[in-house]
Amino acid sequence: MQQAIPGAVISHPNLSPIMKYQPVRNFINGAFVDVKTPRSLPVVSPLDGTLLSTVPMSSSSDLAQAVVAAKTAFPSWSKMPIKERVQVFFRYKRLLEQRQDELAAVIQEENGKTYPEAVAEIEKSVELTEFATSMPQLITGEVLEVSKGVECRTEHVPLGVVASIVPFNFPAMVPNWTIPNALALGNCMIIKPSEKVPLTLGYLAGILKEAGLPDGVFNIVNGDREIVEAICDHPGIDAVSFVGSTKVAKMVYQRATSNYKRCLALGGAKNHLLVLPDAIPGMTAQNVAASMSGCAGQRCMAASAMVAVGQVDHIVEKICEEARKIIPGQNLGAVISSEAKERIESYISEAEKRGAKVLVDGRRAVVQGKEKGTYVGPTVIDYVKPEMAIAREEVFGPVISIMRTNTVDEALEIQNSNPYGNAASVFTQSGGVARYVMERASAGMVGVNVGVPVPREPFSFGGWNESRFGVGDITGKSSIEFWTKLKKNTIKWNPEAGINWMS
Ligand code: NAD
């Protein structure tokens, strides 16, 4: 694997018999820097348990260095005309495309997803970057002669130094929800990767530098809770975006806003698919199985609960057939850690103990030759009750819990009573029923005959309820409001004309 920056996360299989990659470093002011810390964590591949690297747990003094670098870079970056700034992202997009294979290999290795899933993540990153390159067209301000000889005009002004805190499940895509848009709009960024998957972001830093991003505009600080809290507290950081679990999203939102920062914190999810008897059986089964098992169920858009409305046994049978075609280590990746595997399997066992019926059982999956990998096979559980933990909580594994109801309203009641609100979908051939569900589902992203209703650019991404804290969405046009502040100018061009304001 090639890396643009010497000393970054270059693969050295021959140099180190123990670790595949050099220890992870922070990226500050355009260079990879060592972190002096007594604390570091191993980075382990979920695919086979290989020790890939170690990641340092930075302290607030490491963060302070990054803030100084970002603050120093801000005046010239923010003053550069946006049409020039986006040139960096045209080049970044091309480099993402050119380096797709190498980057996908890193993503796969540290996250455990399949190679095609890693490639899909890069394709999505390209799409996000394309959107950012259209920012000049999107942020033209408004201008109007509001009174004779007096004009009002608006402009979107960057905030300053912004932070992005990201989760493990999409090491490239979720960072790219924030990086191209926030930077194209003139901000400088400090990003904190998940300590479980820090290698991909190091790789992206190299590509950004190669694309011509000036030093200090983009900085990486590795770490865990301590550094997240320091980000929320640092007076030099103007805004914080967060993507991760609801528990941490709430903490980040509270802490950052109590320090008077702008904050958008995306949390966890529990997505329901409502399946009606008139749904097309094959297509529905394929969508349900793909939605629950893609990225080993570790997607905030994954279907984890299916609400069967009426008699849909023929579709449940087909879902089981589809699930049996999904093989760990082949077309199903690993879950992130052994703790995750244990957690997922205990949800299944607990539901079984309470009377649910496990139709396809993914517990105790082992991939030959990768015995230290952390795999859970696809799991279909029927007759789950809404009060069971597996029905209420985020499982984050390749598991679909089927609940049985008699009416659409009962199904909606289950969907609506869940505290999350990321996504929901309905499978039916009736336009009327689809419309009824679309109007009543309490979720930010709703699908009709779509298993993973992720809006594509230019539409924005974001849930409701306990899946999102703050205003607006994290991508698309909505993100412009988050990453900028609006300046309103009132101008009398020829004061000598003697026109009074408001006249
Ligand atoms: P996580 O909340 O454990 O971690 C997210 C980030 O917060 C990481 O950078 C981590 O280092 C940091 N963190 C972890 N614990 C912390 C603590 N106690 N205090 C401060 N910071 C802490 O999430 P994860 O396990 O990395 O990712 C999976 C979660 O992310 C799932 O809940 C998933 O639904 C959610 N997610 C949501 C979206 C969305 O768009 N809503 C997208 C992707 C993932």
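Counting starts at 1 for both ligands and their atoms, in listed order. Residues take their numbers from the sequence shown, with the count starting at 1.
In this structure, Tyr420 falls outside the shell of residues with a heavy atom less than 4.0 angstrom from ligand 1. The closest approach between any non-hydrogen atom of Phe170 and ligand 1 is not below 4.0 Å. Not a single heavy atom of Gly463 sits under 4.0 Å from any atom of ligand 1.
Within the listing of ligand 1, atoms 31 (C), 32 (O), 33 (C), 34 (O) sit less than 4.0 angstrom from a heavy atom of Glu394. Annotation for ligand 1: atoms under 4.0 Å from non-hydrogen atoms of Gly268 are 32 (O), 34 (O). Which parts of ligand 1 touch Met251 is read off a 4.0 Å heavy-atom cut-off, strictly below it: atoms 19 (N), 20 (C). Of all the atoms in ligand 1, the ones that sit under 4.0 Å from a non-hydrogen atom of Phe242 are 2 (O), 5 (C), 6 (C), 7 (O). Of all atoms in ligand 1, numbered sequentially from 1 with element shown, those under 4.0 Å from a heavy atom of Trp177 are 40 (O), 42 (C). Interface atoms of ligand 1 facing Val228, defined by a heavy-atom separation under 4.0 Å, are 20 (C), 21 (N).
For the pair Met445 and Trp464, the minimum side-chain heavy-atom distance is 4.5 Å or more.
Nearest protein heavy-atom neighbour of atom 2 (O) of ligand 1: Ser245 OG, 2.6 Å. Of the protein's non-hydrogen atoms, the one nearest atom 13 (N) of ligand 1 is Val248 CG1, 4.0 Å. Among all protein heavy atoms, the one lying closest to atom 26 (O) of ligand 1 is Phe168 N, 3.1 Å. Among all non-hydrogen protein atoms, the one lying nearest atom 11 (O) of ligand 1 is Glu195 OE1, 2.5 Å. Here the protein heavy atom with the shortest distance to atom 8 (C) of ligand 1 is Val166 O, 3.3 Å. With respect to atom 28 (C) of ligand 1, the closest heavy atom belonging to the protein is Phe396 CE2, 3.5 Å.
Under a cutoff of 6.0 Å and an axis angle of 45°, Lys124 and Phe170 do not form a cation-pi pair.
For the pair Lys192 and ligand 1, the shortest N or O to N or O distance falls below 3.5 Å. Looking at Gly244 next to ligand 1, an N or O pair under 3.5 Å apart turns up. For Asn169, no nitrogen or oxygen atom sits less than 3.5 Å from a nitrogen or oxygen atom of ligand 1, counting backbone and side chain alike.
Comparing Ser467, Cys300, Gly267, Gly421 against atom 41 (N) of ligand 1, the shortest heavy-atom distance belongs to Gly267. For atom 17 (C) of ligand 1, the nearest non-hydrogen atom from the set Glu229, Met301, Arg225 belongs to Arg225.
Ion pairing between a basic and an acidic side chain is recognised when a charged N comes within 4.0 Å of a carboxylate O; Lys209 and Asp215 show such pairing.
Taking a distance limit of 4.0 Å, we find that atom 23 (O) of ligand 1 is approached by some protein heavy atom.
Only the side chain of Ile165 comes within 4.0 Å of ligand 1, counting heavy atoms alone; its backbone N, CA, C and O stay farther away.
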